[in-house]
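Take a look at the structure below.
Just so you know, ligand 1 is whichever comes first in the structure, and atom 1 is the first atom listed for that ligand.
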Amino acid sequence: GNDSQLQSFKAWLTQRGVLSNSSSVRPQQVESQGLGLVASGRPIAQGEEVLNVPQELWMSVAAARSHPDIGPFCTNLRPWVTLALFLLFEKGMPSSPWRSYIDILPHTLDSPLFWSDEELAQIEGTQLLGSISGYHQHVYNEYTQLMEDVITPNPQLFDQSMFTREAFLWAFGILRSRTFPPLTGDDLALVPLADLVNHGMVLNMEGPSWEKKSSGFFPRREYLTLRAPVAVKEGEQVVMQYGKKKGNGQLALDYGFVECSPRTTAVRDCFTLTLEISESDRFFGDKIDIAEFNGLSSTVYFDLVHEQELPDNMLPFLRLIALGGADAFLLEALFRNTVWEHLQLPVSRENEEAVCKAVLDGCRFALAAYPTTMDEDLNLLSRGDLSSRLKMAVAIRLGEKKALEELQLSFETRLAELDRLEYYAARRLRGLGLLDDRGDLTPWVFEG
Ligand code: SAM
């Protein structure tokens, strides 16, 4: 069963010198989180190295590419597809060198990528639901291509029953939930043992927990080192921060869990606003030029995080989108170098009002798509008897709504205060010394 698989995994690591009696962590079942790493025999200090895994044990893109059987097929594949192929190939080999590692990998994953339609119905209206179908599409496209180019034409090499759509999606989910920087891109790798570290709320830690290290000259070896981000007592779990900036939707998608604790929940409640300069805009060309001149493009994504300031550039970009009418002169080439500076502050009452109304329409539209209210969600969450997937669903839809509702409130306030704002024309007069601090024309203008 599970325990004997864990024992043989530990034996495999011990034979290779990765685990020993003096190791400061041991892999162990951790309540509701699967396996984890627990401080063993003594406490662990902050920043201490808790394990080193030599490169020959990694399931890496480089290992796949130099593999005698599958290597020749990997040259033109994306890194993650290469590793998915490698993982499923080794999974189907009874005598694989990674046998005992592959055996302890979870069979089912809780990411919404693996939810039933009924479970997905619980995130109706969310941004997450929209991105799930995008991911499915992407994974299945890669799958179809791989089957056509590699698997089907080589039945003597590949056990076709290992390469089902479901298995390929599982491999994708495994890679997404168990690989971390700096092992990304062409360096993507599954690192046995190091990938048992669970996520914890270590928000203020500096530097990554996974580190690449090399040592020795004959031969020079690369290691993956795991550093404890905070001190832990003996018997406690070593954890790392999977992503300071990931919202609950992203945590769910990547790892199959969300963070609900009141202490950290705010950073996890977010909504990504997509703003776009419409191609039908009369001033499309000029606006694109200005956006690009300032490092943006026609479509920009802004992450709205509950209880945080609006992202930089969001208001200027909104003002640019809304710019027209009497303010269109700011789009002229003459202003190319300074227009962005002007857009940092309200341009005109008309422009600011258009900005507010556009945001408020967007909020109303998005909020109307969620079937449940925030109160209903809060009630559900307080019940404590929800399945982990339902809890995830409720936390995600609630978090999105919180961020949206906050945005709505702040623009309602802004809309009500339009008369109190100072606009470009007034600022300009002040800049020329023609207005006093109260906004009245200064007397000497008339005195000549
Ligand atoms: N627990 C994993 C195992 O049994 O193989 C090892 C860690 S692996 C890098 C990441 C996965 O661990 C996640 O996809 C999730 O299933 C689980 N996990 C990690 N941190 C968690 C947490 N704080 N709460 C719940 N599950 C967690």
Protein residue, atom and distance nearest to [atom], heavy-atom basis:
atom	answer
atom 11 (C) of ligand 1	Y242 OH, 4.3 Å
atom 21 (C) of ligand 1	F257 CE2, 3.5 Å
atom 23 (N) of ligand 1	H199 O, 2.9 Å
atom 4 (O) of ligand 1	L35 N, 2.7 Å
atom 12 (O) of ligand 1	N198 OD1, 3.2 Å
atom 9 (C) of ligand 1	D195 O, 3.1 Å
atom 16 (O) of ligand 1	Y255 O, 3.5 Å

Next item on the list: Quick one: look at L196 and ligand 1, take heavy-atom pairs under 4.0 Å, and tell me if it's side chain, backbone, both or neither.
Entry: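 The answer is both, backbone and side chain.
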
Notebook entry, point to check: ligand 1 versus V197, non-hydrogen atoms closer than 4.0 Å: side chain, backbone, both, neither?
Noted result: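 For V197, the contact with ligand 1 is made by the backbone alone.
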
Check: Which heavy-atom pair separates Q237 from G36 by the least distance, and what is that distance?
Finding: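 Q237 and G36 have their closest heavy atoms at OE1-CA, 3.8 Å.
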
Notebook entry, point to check: What closest approach, in Å, do V18 and N52 show between heavy atoms, and which atom pair accounts for it?
Noted result: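 Minimum heavy-atom separation between V18 and N52: CG1-O, 3.7 Å.
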
Check: Near S177, which atoms of ligand 1 are under 4.0 Å from a heavy atom of that residue?
Finding: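 Counting from 1, the qualifying ligand atoms are 8 (S), 9 (C), 10 (C), 14 (O).
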
Checklist line | Audit row: F158, F73, ring pair (Phe, Tyr, Trp, His ring centres under 6.0 Å) steps and yes/no | finding: CA-CA 12 Å; F158 297 106; F73 301 105; 5.7 Å; yes

Note to self: Can you confirm whether the side chains of E400 and Y370 place a donor and an acceptor under 3.5 Å from each other?
What the structure shows: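 Yes, a side-chain donor-acceptor pair sits under 3.5 Å.
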
Check: Looking just at side-chain N and O atoms, do R397 and Q122 make a donor-acceptor pair shorter than 3.5 Å?
Finding: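 A pair is found: one side chain offers a donor N or O, the other an acceptor, under 3.5 Å apart.
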
Check: For R178 and ligand 1, does the shortest N/O to N/O distance drop below 3.5 Å?
Finding: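 In this structure, R178 places an N or O atom under 3.5 Å from an N or O of ligand 1.
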
Do the side chains of [X] and [Y] get close enough for a salt bridge, i.e. N-O under 4.0 angstrom?
X	Y	value
E56	R16	no
E49	R227	yes
D186	R65	yes

